[in-house]
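Structure first, then comments.
Predicted model only: the values in this text are computed from it and were never measured.
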Amino acid sequence: MLSKMWREIACTRLQLQLKATLTGGQSFRWKIIEKDNSRDNDEYLGVMGNILWLLRQTETHLQYKIIGELPYENSQQIEVPELKKSDKKDDLLYPRSHYDNILTMYFRLDINLEKYYDEWCKSHEHFRSTASKFHGIRVLDQDPVENIFSFICSQNNHISRISSMVEKLCTKYGEKICDYEGTSYHAFPDVKNLAQKTVESDLRNCGFGYRAKYIQKAAEQILEKGESEWFGELEKKEYKEARSELMSLTGIGPKVADCICLMSLNHLEAIPVDTHVYQIAGAFYLKKLPKNKSVTTKVYLEIGDEFRKIYGHLAGWAQTVLFCSDLRQFKPEKSLKRKAEGAE
């Protein structure tokens with residue numbers, strides 16, 4: 001199953017920057033395919049939902065190809081339109097509107113990001129000076145199951161190893177989507193597959209360490225709580241109540257709970273605080289923060305509340321922009337060159 005044509009959605013680069021959004025630590029299933037030694041022409045290959053996507057962008061559009069896909073089951077509670085004969089192209093399972101809608105929801109394209117950048121620039125000098133030229137960073141709207149288990153893998157880890165662990169989970173327990181250019185791609189596994197009693201020992205043998213127990217136990221607990229129904233309830237609750245309930249899962253601490261609230265449950269005021277965010281807060285927002293080696297509960301909450309006070313109901317999104325714009329690998333090459341010249 002292969003879409004031979006590029007399809008597109010109107011979306012400017014000011015509204016979406018694929019590189020930092022997809023590879024900045026929110027999701028771990030996207031990889032860059034460099035084209036013609038120009039970052040403007042890069043493509044991004046990755047699994048999202050039951051689909052293997054190839055994405056790229058122009059100045060005015062987000063473009064995509066469907067490389068492979070699996071049908072949705074009734075148990076997944078996803079409404080998909082019926083494919084009419086007039087819609088059928090490239091042997092895809094559903095009409096074009098289905099794929100457009102998935103990407104629109106995933107990137108939250110219904111939110112006018114330029115409007116909020118303007119508001120955040122007015123809210124604080126740090127955003128105005130640091131991130132105002134770093135446009136198009138979006139908070140992804142991800143499946144909570146994939147998000148939870150990916151971030152359990154993220155503990156005391158770096159992005160390349162997290163990505164490797166997530167792919168191992170998918171290969172061992174997820175349904176195969178397709179083969180593409182010599183590699184097999186799999187959907188993220190169902191919770192019931194991760195809750196099997198043999199999962200902990202199997203994952204320990206695969207190098208997951210203590211995370212193996214967290215994954216198996218958390219999967220059991222999610223099933224007991226009602227899985228998708230429970231996630232729906234958490235989305236409707238107040239942010240701090242949802243965060244507290246997530247922390248009842250094995251292996252879920254404050255930061256991972258905030259990641260799930262922010263990236264999967266539409267609590268866009270959630271602030272995941274790691275040492276990097278702690279350093280940003282101490283340098284620009286709460287200059288009297290204690291110089292601790294680790295972030296205490298009191299300091300964690302203080303940082304989150306300060307960002308929410310300044311940036312409002314989308315504070316977690318503003319913080320995501322600041323986090324990405326401060327990472328060296330995402331800074332514009334010209335900016336890095338000027339810094340290097342200044343150092344000399």
Ion pair [X]/[Y], N-O distance below 4.0 Å:
| X | Y | value |
| --- | --- | --- |
| Arg13 | Glu59 | yes |
| Glu233 | Lys237 | no |
| Arg56 | Asp42 | no |
| Lys309 | Asp305 | no |

Side chains of [X] and [Y], heavy atoms from C-beta outward: is any pair under 4.5 Å?
| X | Y | answer |
| --- | --- | --- |
| Met165 | Leu169 | no |
| Leu55 | Leu45 | no |
| Tyr94 | Glu69 | yes |
| Phe231 | Ile148 | yes |
| Pro272 | Leu262 | yes |
| Gln15 | Thr12 | yes |
| Gln17 | Cys324 | no |

- request: Take His124 and Tyr285 through the ring-ring contact (aromatic ring centres under 6.0 Å, His included) test and state the conclusion after the steps.
  value: CA-CA 9 Å; His124 200 281; Tyr285 296 89; 4.2 Å; yes
Can you check whether [Y]'s main-chain N or O pairs, donor with acceptor, with [X]'s side chain at less than 3.5 Å?
| X | Y | value |
| --- | --- | --- |
| Gln57 | Leu18 | yes |
| Arg211 | Gln155 | yes |
| Asp274 | Val277 | yes |
| Ser244 | Lys240 | no |
| Asp143 | Glu146 | yes |
| Tyr300 | Pro254 | yes |
| His267 | Leu234 | yes |

Can you name the nearest heavy-atom pair linking [X] to [Y], along with the distance?
| X | Y | result |
| --- | --- | --- |
| Ala131 | Tyr117 | O-CE2, 3.6 Å |
| Asn147 | Cys259 | ND2-O, 3.6 Å |
| Leu246 | Cys261 | CD1-SG, 3.7 Å |
| Leu16 | Cys11 | CB-SG, 3.6 Å |
| Ala318 | Tyr311 | CB-CG, 3.7 Å |
| Ile303 | Leu286 | CA-CD1, 3.9 Å |

Report yes or no: do [X] and [Y] belong to one cluster of Ile/Leu/Val/Met/Phe/Trp/Tyr joined by side chain heavy-atom distances under 4.5 Å?
| X | Y | answer |
| --- | --- | --- |
| Ile215 | Met247 | no |
| Leu322 | Phe284 | yes |
| Leu109 | Met48 | yes |
| Tyr239 | Leu268 | no |
| Ile9 | Ile66 | yes |

Listed by chain and number, what are the salt bridge (charged side-chain N to carboxylate O under 4.0 Å, His left out) partners of [X], not counting sequence neighbours?
| X | value |
| --- | --- |
| Glu269 | none |
| Glu175 | none |
| Glu238 | none |
| Glu302 | none |

query: Does NZ or CZ of Arg138 come closer than 6.0 Å to the centre of the six-membered ring of Trp317, within 45° of the ring's axis?
result: no
[atom1]-[atom2] distance between [X] and [Y], expressed to the nearest 0.5 angstrom:
| X | Y | atom1 | atom2 | answer |
| --- | --- | --- | --- | --- |
| Leu249 | Glu224 | CG | CD | 10.0 Å |
| Leu113 | Leu14 | CG | CG | 9.5 Å |
| Gln63 | Thr58 | CD | OG1 | 5.0 Å |
| Met105 | Leu140 | CE | CG | 13.0 Å |
| Tyr64 | Tyr99 | OH | OH | 8.0 Å |
| Cys153 | Lys168 | SG | NZ | 10.0 Å |

statement: Result for salt bridge (Lys or Arg N to Asp or Glu O under 4.0 Å) between Glu220 and one of Lys192, Lys225, Lys197, Lys213 points to Lys197
- request: Would you please indicate if the ring centroids of Phe28 and Phe151 are separated by under 6.0 Å?
  value: yes
query: Between Trp30 and Tyr44, does the ring centre distance come in under 6.0 Å?
result: no
- request: Assess whether side chain to side chain donor-acceptor pair (under 3.5 Å) is satisfied between Asp202 and Gln196, documenting all intermediate values.
  value: CA-CA 10 Å; Asp202 289 346; Gln196 300 172 76; over 6 Å; no
task: May I have all residue pairs that pass ring-ring contact (aromatic ring centres under 6.0 Å, His included) and include part of residues 205-228, sequence neighbours excluded?
output: Tyr210-Tyr214
message: Suppose we screen for ring-ring contact (aromatic ring centres under 6.0 Å, His included). Which residues come up paired with Tyr173, at least two apart in sequence or across chains?
response: none
- request: Using the side chain to side chain donor-acceptor pair (under 3.5 Å) rule, take Gln221 and Thr250 through it: C-alpha gap first, then chi angles, then the decisive distance, then the call.
  value: CA-CA 8 Å; Gln221 293 166 330; Thr250 299; 3.1 Å; yes
Derivation of the side chain to side chain contact (heavy atoms under 4.5 Å, CB included) call for Ile67 and Trp53: CA-CA 6 Å; Ile67 304 301; Trp53 306 80; over 6 Å; no
- request: Check step by step if side chain to side chain contact (heavy atoms under 4.5 Å, CB included) holds for Ile177 and His186.
  value: CA-CA 5 Å; Ile177 298 173; His186 295 72; 5.6 Å; no
message: What verdict does the side chain to side chain donor-acceptor pair (under 3.5 Å) test give for Arg108 and Asn266, after you've listed the backbone C-alpha separation in whole Å, the side-chain angles of each residue and the deciding distance to 0.1 Å?
response: CA-CA 10 Å; Arg108 304 181 195 265; Asn266 281 316; 2.5 Å; yes
